[in-house]
Amino acid sequence: MDAKPPPGRARVPSPLPRTRSEPKLTPPSVPAVPAPPILPEKTAVLDPRIKLRDPTMVMSPPPAPIPTPPPKTAGRAEPPPASERSIRAQRARSDSVNSAFDSVIDEGGGGHGVSTAADLAEVRRVFEEVAAIHVGQVRDVMLELRYGDAAPSWIESTQPALRSLRAMAQQLEFHDLCGALDEFCVAVDAAVTGRARIDDDDKAALLRRYQRLIELIPQAFELDAERDRREPIIVEALLYQIPGVEKRTVEKLFAVGLNRLDPLIHASADEIAVVAAIRPELATAIVAQFRTYRTAASSALAAPDPLAERRALGDLLIMMSVQNDEYNHAATLWTDEARGRKQEARKQREQVFQRIKVALARLGERDLLARLDRLPFNDRIAALDRYLSAAIPHKPPPGKASRE
């Protein structure tokens with residue numbers, strides 16, 4: 001019989017008897033190693049040559065990228081407007097001439113710094129290059145005076161350029177040139193003072209004094225070579241403006257020496273028809289074209305007012321741009337009417353371009369003319385626009401804002 005527990009104490013059941021097959025569990029005596037990370041079920045097949053990183057190895061983090069400073073927006077200089085760029089381009093050309101003058105004077109040292117003949121020759125070379133640019137207006141006036149006529153006011157406008165050239169020649173002690181410039185300026189004063197036109201005696205005196213300048217600095221003052229460069233361009237452009245004149249017609253006229261203005265102005269239509277073997281009606285149109293040009297133009301070979309010539313060139317550029325747009329639009333259509341508009345726009349566009357060539361030749365822009373002939377019309381328009389933008393800064397009328 002089981003013994004009863006004393007009153008007040010609960011009966012605790014006795015533990016189950018331990019079997020011999022169950023080993024006794026003891027706590028581990030070594031620290032637990034962290035379990036490796038559990039890989040996802042689907043892992044990429046790794047190259048056996050690549051060694052996996054030991055998960056227990058402590059790796060230093062990669063260096064932080066250097067932050068790139070944000071672009072500065074406050075106070076950033078905006079590009080100047082087109083009108084300001086034009087003014088800067090014009091000033092840059094003027095400053096380049098002035099700086100070239102200063103460099104010549106510095107190199108020459110007023111005549112005291114030249115120690116060898118080679119030094120003097122180099123100074124002379126630079127001086128002549130700068131002089132050729134500086135007296136371009138003088139050359140244009142005398143070119144017109146020799147082969148045509150020039151107004152006294154146009155001749156008088158050459159005085160500032162001549163005086164500045166004379167001042168530089170004096171600092172370099174070019175005494176022969178100083179004397180020739182003085183004599184030419186005296187002749188200019190005598191020819192223009194109180195005169196409405198230059199008479200034959202004054203013209204002969206000016207050309208005689210000018211010839212001395214050509215002998216001293218041919219690069220700056222020569223006229224014959226400049227005429228040979230300009231006149232054939234003007235003659236050809238005037239011929240191509242005549243309906244019915246083609247390349248073969250121009251070649252016939254040039255082959256018999258009719259590549260100058262005077263013969264084409266003063267010859268009769270019958271003479272041109274016989275000499276060049278062209279149709280009489282075409283010869284009549286040629287004579288009328290050249291006489292109209294000589295009557296309408298204030299000068300034949302040079303522009304007396306370059307700014308006015310460039311403004312007229314800007315009007316021609318607008319006309320050619322409109323005709324080029326009309327041609328491009330008509331070229332996208334396939335109707336008979338569109339083909340007719342395309343042919344008319346091509347003809348009108350070419351006519352205006354020939355007038356542009358005359359203006360550029362009168363301005364002495366031979367390099368630009370050579371480039372334009374190799375360009376399609378779209379590129380011609382862009383090149384002329386850049387030229388005019390650099391040559392004439394746009395000045396809006398008072399009270400109106402500039403469109404640029």
Side-chain angles (χ1 to χ4, degrees), residues 86 89-90 93 133 136-151 153-154 157 223 225-243 245 250 259-262 264-265 286 288-324 346-395:
S86 302
Q90 188 179 34
R93 182 173 181 180
I133 300 174
Q137 184 182 8
V138 181
R139 190 169 55 247
D140 285 351
V141 171
M142 297 307 297
L143 181 69
E144 192 64 30
L145 185 66
R146 171 175 285 184
Y147 301 109
D149 196 7
S153 58
W154 190 12
S157 67
L223 297 178
E226 187 67 22
R227 179 197 183 191
D228 293 340
R229 288 188 289 263
R230 295 188 187 191
E231 195 167 15
I233 297 174
I234 295 174
V235 170
E236 184 181 66
L238 289 172
L239 287 172
Y240 277 125
Q241 295 177 44
I242 303 171
V245 171
V250 176
N259 59 345
R260 300 289 187 182
L261 290 170
D262 284 345
L264 292 169
I265 291 172
I286 290 172
Q289 168 78 337
F290 281 87
R291 291 180 180 175
T292 301
Y293 169 74
R294 194 64 189 96
T295 303
S298 58
S299 60
L301 297 174
D305 187 353
L307 290 178
E309 194 80 17
R310 290 187 177 100
R311 284 192 291 268
L313 188 59
D315 295 338
L316 292 173
L317 177 60
I318 294 174
M319 294 173 58
M320 190 171 72
S321 300
V322 172
Q323 291 154 2
N324 186 61
R346 181 196 292 115
K347 182 175 67 175
Q348 295 298 329
R349 183 183 65 177
E350 184 63 32
Q351 291 280 321
V352 176
F353 179 64
Q354 297 302 327
R355 296 171 62 186
I356 288 175
K357 291 179 68 174
V358 172
L360 290 175
R362 287 161 52 89
L363 289 168
E365 298 292 346
R366 299 183 306 274
D367 294 338
L368 179 58
L369 277 168
R371 294 198 305 270
L372 291 178
D373 284 334
R374 298 191 296 265
L375 296 176
F377 269 92
N378 290 334
D379 294 339
R380 289 177 184 178
I381 292 171
L384 286 168
D385 184 63
R386 289 192 298 269
Y387 166 74
L388 292 175
S389 298
I392 307 178
H394 175 70
K395 294 182 180 180

Next on the checklist: List the residues meeting side chain to side chain donor-acceptor pair (under 3.5 Å) with T292, not counting sequence neighbours, and say none if there are none.
Outcome noted: none
Checklist entry - Rounded to the nearest 0.5 Å, how far apart are CD1 of I381 and CD1 of I318? => result 11.5 Å
Checklist entry - Does the side chain of Y387 reach to within under 4.5 Å of the side chain of L360, using non-hydrogen atoms? => result yes
Next on the checklist: Run the side-chain contact (heavy atoms from CB on, under 4.5 Å) test against A288 and tell me which residues pass, sequence neighbours left out.
Outcome noted: none
Item to check | salt bridge (charged side-chain N to carboxylate O under 4.0 Å, His left out) involving R227 - partner list, sequence neighbours excluded | outcome: E231
Next on the checklist: I need the L264 CG to I286 CD1 distance, nearest 0.5 Å.
Outcome noted: 7.5 Å
Checklist entry - Does some side-chain heavy atom of M320 sit less than 4.5 Å from a side-chain heavy atom of L384? => result yes
Checklist entry - With R380, which residues qualify under side chain to side chain donor-acceptor pair (under 3.5 Å), at least two apart? => result none
Checklist entry - Mind checking whether D367 and R371 have side chains closer than 4.5 Å, heavy atoms only? => result yes
Checklist entry - Nearest 0.5 Å, what's the CZ-CG distance between R386 and L368? => result 9.5 Å
Next on the checklist: Which residues pass the salt bridge (charged side-chain N to carboxylate O under 4.0 Å, His left out) test with R346, not counting sequence neighbours?
Outcome noted: none
Item to check | With sequence neighbours excluded, residues passing side chain to side chain donor-acceptor pair (under 3.5 Å) with R229 | outcome: E222, E226
Checklist entry - Got F290 and V235 here, is their nearest side-chain heavy-atom distance under 4.5 Å? => result yes
Next on the checklist: For the CD atom of E350 and the CD atom of Q241, what is their distance to the nearest 0.5 Å?
Outcome noted: 10.0 Å
Checklist entry - Between atom NZ of K357 and atom CG of D373, what is the distance when rounded to the nearest 0.5 Å? => result 4.0 Å
Next on the checklist: Test: salt bridge (charged side-chain N to carboxylate O under 4.0 Å, His left out). Region: residues 290-302. Which pairs qualify, not counting sequence neighbours?
Outcome noted: E144-R294
Checklist entry - Does A312 have any side-chain contact (heavy atoms from CB on, under 4.5 Å) partners at least two apart in sequence or in another chain, and if so, which? => result none
Checklist entry - Are any non-hydrogen side-chain atoms of D228 and R260 less than 4.5 angstrom apart? => result yes
Checklist outcome for this item: Hits for side-chain contact (heavy atoms from CB on, under 4.5 Å) against I233, two or more places apart or cross-chain, chain-then-number order -> A361, L369
Next on the checklist: The criterion is side-chain contact (heavy atoms from CB on, under 4.5 Å); which residues satisfy it with A308, sequence neighbours excluded?
Outcome noted: D305, R311
Item to check | Ion pair R230/D140, N-O distance below 4.0 Å | outcome: yes
Checklist entry - Between the side chain of E236 and the main-chain N/O of V250, is any donor-acceptor distance below 3.5 Å? => result no
Next on the checklist: Going by side chain to side chain donor-acceptor pair (under 3.5 Å), name the residues that satisfy it together with Q137, two or more places apart in sequence or in a different chain.
Outcome noted: S157
Item to check | Any pair counted as ring pair (Phe, Tyr, Trp, His ring centres under 6.0 Å), so long as it reaches residues 349-381, sequence neighbours left out | outcome: F353-F377
Item to check | Between CE on residue M319 and CZ on residue R355, distance to nearest 0.5 Å | outcome: 5.0 Å
